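Taking it in order: structure first as structure tokens, then the write-up.
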Amino acid sequence: MLEVSNLNAFYSNLQILWDVSLSVGDAEIVTLLGTNGAGKTTLVQSLFGFIPRIDGKVVFNGRDVTGMHPYDVVKEGLSLVPEKRELFPKMTVAENLELGGYSRSGDARDLEEIFELFPVLQERKTQLAGTLSGGEQQMLAIARALMAQPSMLILDEPSLGLSPLLVGNVLDTVARLNKDGLSILLVEQNVEHALEISNRAYILENGRIIREGDAQVLLHDDEIRTAYLGF
Ligand SMILES: Nc1ncnc2c1ncn2[C@@H]1O[C@H](COP(=O)(O)OP(=O)(O)O)[C@@H](O)[C@H]1O
Ligand SMILES: [Mg+2]
């Protein structure tokens, strides 16, 4: 479904990603692991045309989307939950959701459908997004991305800054969306939990993919456990 080949990405003359190749199949959850500064966000942003200088190839659903404008990538059915959530804090929950459906105006997913998935957002639909709790804001960020009716969702550290209980909620939500047929690329630092819900994983270090494989195999790999799980 998503095929990234030999991707290089640069901030002016500084190369951040080196020859990165990865794929996500239909209805798969694939996790991208890597320590802070490895280049995970740069990789995700490269897929949405946010990094001005890239080379390599990004194919989504058989279409070459390399360097396409973010708005057009979303129209192709690839949706992003960005690292910093990037909600509009002074707008209501409902208004934030409507903006998520903007790129597909006309057939934007009905708000009611989203509220069935996230009942807490219905209760808070007239509340300003900035007044929601951290967990609720993350749910809103995910719900907003779903408003574009994607066939694949990319989440950049959705559990960042959340308490362990809420981390579980968010990752359970991700697993549930996948069971409903959505393909997922998940960037996570909660390595154990992320691998538990994933089919496959890639490990990015210093802008290069250094390992890839079956999530369960990586979860029980001594080297991975020492480097990422601390036991
Ligand atoms: N706008 C930018 N300009 C220059 N360097 C950047 C910029 N954004 C990130 N970087 C650098 O790129 C590297 C990868 O960052 P990032 O993709 O955010 O990593 P991660 O998401 O894995 O923590 C880091 O060394 C970071 O300092
Ligand atoms: Mg990041």
Side-chain angles (χ1 to χ4, degrees), residues 2 4-24 29-58 60 65-70 73-74 78-87 134-135 137-142 144-145 150 152-164 166-167 170-171 173-174 184-195 197-198 200-213 215 218-219 223-230:
L2 177 70
V4 178
S5 316
N6 311 107
L7 184 70
N8 297 298
F10 307 80
Y11 290 114
S12 53
N13 286 327
L14 184 63
Q15 185 162 2
I16 304 292
L17 297 180
W18 303 76
D19 203 33
V20 168
S21 296
L22 64 80
S23 65
V24 180
I29 298 192
V30 173
T31 289
L32 178 65
L33 303 173
T35 49
N36 275 332
K40 303 179 300 297
T41 296
T42 303
L43 171 51
V44 163
Q45 303 234 317
S46 296
L47 308 181
F48 285 88
F50 288 123
I51 309 293
R53 190 174 161 210
I54 60 167
D55 60 58
K57 198 167 179 189
V58 182
F60 180 64
V65 299
T66 318
M68 221 184 233
H69 190 275
V73 177
V74 173
L78 187 60
S79 209
L80 173 67
V81 182
E83 184 170 40
K84 301 259 155 61
R85 294 173 194 148
E86 286 160 28
L87 298 169
Q137 289 194 19
Q138 190 59 65
M139 291 301 179
L140 177 56
I142 295 173
R144 183 183 58 182
M152 181 172 165
L153 192 61
I154 300 185
L155 301 103
D156 192 355
E157 297 208 39
S159 65
L160 200 67
L162 299 183
S163 69
L166 291 174
V167 171
V170 166
L171 294 183
T173 300
V174 171
I184 296 198
L185 178 62
L186 174 65
V187 176
E188 257 300 333
Q189 301 257 14
N190 288 278
V191 174
E192 190 160 30
H193 203 145
L195 289 177
I197 64 168
S198 296
R200 292 185 302 113
Y202 293 86
I203 298 174
L204 189 70
E205 278 308 343
N206 299 317
R208 292 180 170 86
I209 302 282
I210 57 154
R211 288 269 318 252
E212 62 178 283
L218 291 177
L219 182 58
E223 202 181 311
I224 303 293
R225 295 188 77 84
T226 311
Y228 293 94
L229 298 169

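No experiment lies behind these values; they were computed from the predicted model shown. Start at 1 and go down the list; that is how both ligands and their atoms are numbered.
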Quiz item: Is it the side chain (CB and beyond), the backbone, both or neither of Ile16 that lies under 4.0 Å from ligand 1, heavy atoms counted?
Solution: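 Side chain only; the backbone of Ile16 stays clear of ligand 1.
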Practice problem: Have a look at Val170 and tell me which of Asn190, Leu160, Leu162, Leu155 forms a side chain to side chain contact (heavy atoms under 4.5 Å, CB included) with it. | Solution: Leu162
Quiz item: Does a donor on one side chain sit under 3.5 Å from an acceptor on the other, for Thr31 and Tyr202?
Solution: no
Practice problem: Check whether the side chains of Asp156 and Gln45 place a donor and an acceptor atom closer than 3.5 Å, and report yes or no. | Solution: no
Quiz item: Got a protein heavy atom sitting under 4.0 Å from atom 26 (C) of ligand 1?
Solution: no
Quiz item: Distance below 4.0 Å between atom 22 (O) of ligand 1 and any protein heavy atom?
Solution: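 Yes, at least one protein heavy atom sits under 4.0 Å from atom 22 (O) of ligand 1.
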Exercise. Taking only heavy atoms of Thr35 into account, list the atoms of ligand 1 that are under 4.0 Å away from them.
Key: 22 (O)
Quiz item: Between Arg53 (side chain) and Ser12 (backbone), is there a donor-acceptor pair under 3.5 Å?
Solution: yes
Practice problem: Evaluate whether atom CG of Asp55 has more than 12 neighbouring non-hydrogen atoms of other residues, nucleotides or ligands under 6.0 angstrom away. | Solution: yes
Practice problem: Pick, from Ser12, Gly39, Ala9, the option with the minimum heavy-atom distance to atom 19 (O) of ligand 1. | Solution: Gly39
Practice problem: Using 2.8 Å as a strict upper limit, say whether an N, O or S atom of Thr41 approaches the Mg ion (ligand 2) that closely. | Solution: yes
Quiz item: Taking N or O atoms only and a 3.5 Å limit, does Leu14 qualify as a polar contact for ligand 1?
Solution: no
Practice problem: Looking at Glu83, pick out the N, O or S atom nearest to the Mg ion (ligand 2) and give its name. | Solution: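 Going through the N, O and S atoms of Glu83 one by one, OE2 ends up nearest to the Mg ion (ligand 2).
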